[in-house]
Amino acid sequence: MDSSELIIPEYSLDRDCTTLSRHVLQQLNSFSADAQDLSALMNRIALAGKLIARRLSRAGLMEGVLGFTGDSNIQGESVKKMDVYANEVFISVFKQSGLVCRLASEEMDKPYYIPENCPIGRYTLLYDPIDGSSNVDINLNVGSIFAIRQQEGEDLDGEAKDLLQDGSKQIAAGYILYGPATVLVYTMGTGVHSFFLDPSLGEFILAQENIQIPDHGSVYSVNEGNFWQWDDSIRNYIRYVHRHDGYTGRYSGALVGDIHRILMQGGVFLYPGTTDKPEGKLRLLYETAPLAFIVEQAGGKAYDGLTRILDIVPDRIHYRTPVILGSKENVELVQSFLKQNDNTSNVIAR
Ligand code: P6P
């Protein structure tokens with residue numbers, strides 16, 4: 001076939017050239033040093049995603065990749081070998097980047113400070129390196145969640161107290177979903193955009209811009225095994241969706257996949273507080289706040305019950321919040337049950 005017959009629509013080439021780093025610069029509408037830094041930062045996150053995706057795709061054929069390490073993390077959770085590997089990937093990818101000064105991770109008690117002998121930037125990466133790692137050994141979807149904040153002040157005591165601020169301090173946030181395809185979804189406050197990893201290019205290529213979550217969806221995503229530990233208000237909501245047509249339960253046990261379904265198809269994800277854990281299970285700084293940023297930018301809502309997630313100020317790095325997030329109408333339906341029983345808000349919304 002001669003070249004004249006090879007008709008490649010303009011957009012497909014341009015689209016294949018819309019990599020993550022180029023898209024960030026387009027979103028910022030700038031080529032300033034700050035914009036270049038953020039573009040480079042997102043590119044490093046993409047590199048971490050590629051390294052983790054590669055490991056996951058080979059995990060079943062390699063020694064020492066699957067299973068538990070035998071240790072527990074700061075959360076009191078058993079650590080999977082993949083948790084450790086993924087955490088190390090982010091450290092390795094950012095250590096020599098000159099872009100960050102600290103890395104705060106679900107897997108580390110204290111933030112990791114970039115060593116003096118490495119170039120130090122002024123951003124902080126907060127991340128959950130592998131969320132849903134219980135799915136790793138059974139080849140079900142898992143994800144990485146990230147948020148970028150700027151260091152404020154000197155942090156002289158090494159306690160990273162400047163991170164203990166509300167979600168409006170997030171400059172960028174998003175997640176990487178390791179599924180049949182590896183998908184990176186991010187926002188910098190100008191919409192939510194998704195990229196698919198094209199293995200043949202080794203690049204994340206733009207798939208969707210300005211994703212909008214439907215105002216209503218049929219899915220409610222919650223671990224109903226905790227039913228009798230919830231407050232009456234949440235139990236009454238669950239009874240409602242059981243008894244009314246048009247609702248269906250979907251729950252994978254891995255936050256990123258459950259949230260991605262809600263983002264794309266609508267519905268609501270809940271991880272309410274329980275009698276023994278009124279604060280819930282999910283961590284604010286590197287799980288619920290980044291996801292709340294994404295969901296709100298897509299036109300949805302994200303609350304801990306009756307308090308907006310992005311307004312919550314944590315008192316420690318690994319602070320937990322209950323979470324109700326997703327389509328506007330679905331979240332408001334859950335909240336209508338919370339408001340029916342005032343003393344509920346003490347348990348669910350703390
Ligand atoms: P449960 C995984 O451990 C995780 O942090 C999230 O990915 C997930 O949404 C949640 O916990 C699952 O918790 O109690 O339902 O097993």
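In what follows, every heavy atom counts, from backbone to side chain, and hydrogens, waters and symmetry copies are set aside. As the structure is a computational prediction, the values presented were derived from the model and not from experiment.
A donor and an acceptor atom, one from each side chain of T288 and T321, are located under 3.5 Å apart. For S133 and D83, the side-chain atoms include at least one donor-acceptor pair closer than 3.5 Å. With no hydrogens or angles considered, no side-chain donor-acceptor pair links S336 and Y237 at under 3.5 Å. Between the side chains of T124 and R102, at least one donor N or O lies within less than 3.5 Å of an accepting N or O. Judged by distance alone, the side chains of Y175 and H260 do bring a donor and an acceptor atom under 3.5 Å apart. Side chains of H242 and E224: a donor-acceptor N/O pair is present below 3.5 angstrom, by distance only.
Ring geometry for F269 against Y251 counts as parallel: the plane angle stays under 30°, on a 0 to 90° scale with 60° as the upper cut.
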- request: Start with the C-alpha gap between T19 and E203, add the side-chain angles, then the distance that decides, and say whether side chain to side chain donor-acceptor pair (under 3.5 Å) holds.
  value: CA-CA 7 Å; T19 59; E203 285 284 0; 4.8 Å; no
N226 and T274: CA distance, side-chain angles, deciding distance, side chain to side chain donor-acceptor pair (under 3.5 Å) verdict: CA-CA 8 Å; N226 297 327; T274 59; over 6 Å; no
task: Go through the steps to decide whether S327 and D215 satisfy the test side chain to side chain donor-acceptor pair (under 3.5 Å), and finish with yes or no.
output: CA-CA 5 Å; S327 296; D215 280 345; over 6 Å; no
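Screening residues 272-300 for ring pair (Phe, Tyr, Trp, His ring centres under 6.0 Å) gives Y286-H318 as the qualifying pairs, with residues at least two apart or on separate chains. Residue pairs meeting the side-chain hydrogen bond (donor to acceptor under 3.5 Å, both in side chains) criterion with at least one partner in residues 63-72, sequence neighbours excluded, are absent. Applying the ring pair (Phe, Tyr, Trp, His ring centres under 6.0 Å) rule to pairs touching residues 65-120 yields F90-Y127, sequence neighbours excluded.
No salt bridge links K301 with E296; every basic N to acidic carboxylate O contact stays at or beyond 4.0 Å. K80 and E106 are not joined by a salt bridge, as no carboxylate oxygen comes within less than 4.0 angstrom of a charged side-chain nitrogen. The existence of a salt bridge linking R308 and D166 is excluded, since no basic side-chain nitrogen approaches an acidic carboxylate oxygen closer than 4.0 Å.
Of the possible donor and acceptor atoms, one in the side chain of S92 sits under 3.5 Å from a partner among the backbone N and O of E88. In this structure, the side chain of D137 does not engage the main chain of L66 through any donor-acceptor pair within 3.5 Å. Although no hydrogens or angles enter the test, the distance criterion places a donor-acceptor pair under 3.5 Å between the side chain of D155 and the main chain of E159. Side chain of D231 to backbone of I234: no donor-acceptor contact under 3.5 angstrom is found. Of the possible donor and acceptor atoms, one in the side chain of S57 sits under 3.5 Å from a partner among the backbone N and O of R54.
The heavy-atom pair separating C101 from I120 by the smallest distance is CB-CG2, 3.6 Å. When all heavy atoms are compared, the tightest approach of S134 to G253 is OG-O, 4.4 Å.
Residues that satisfy the salt bridge (Lys or Arg N to Asp or Glu O under 4.0 Å) test with K281, not counting sequence neighbours, are absent from this structure. Applying the salt bridge (Lys or Arg N to Asp or Glu O under 4.0 Å) rule to D157 yields the partners K161; only residues at least two apart in sequence or on another chain are considered. A207 meets the side-chain contact (heavy atoms from CB on, under 4.5 Å) test with S194, F196; sequence neighbours excluded.
In N139, the CG atom is not crowded: 12 or fewer heavy atoms of neighbouring residues, nucleotides or ligands sit closer than 6.0 Å. The environment of R235 atom CZ is dense: over 12 non-hydrogen atoms of other residues, nucleotides or ligands sit within 6.0 angstrom.
With F204 as the partner, the side-chain contact (heavy atoms from CB on, under 4.5 Å) test is satisfied by one option alone out of D198, L184, N43: L184.
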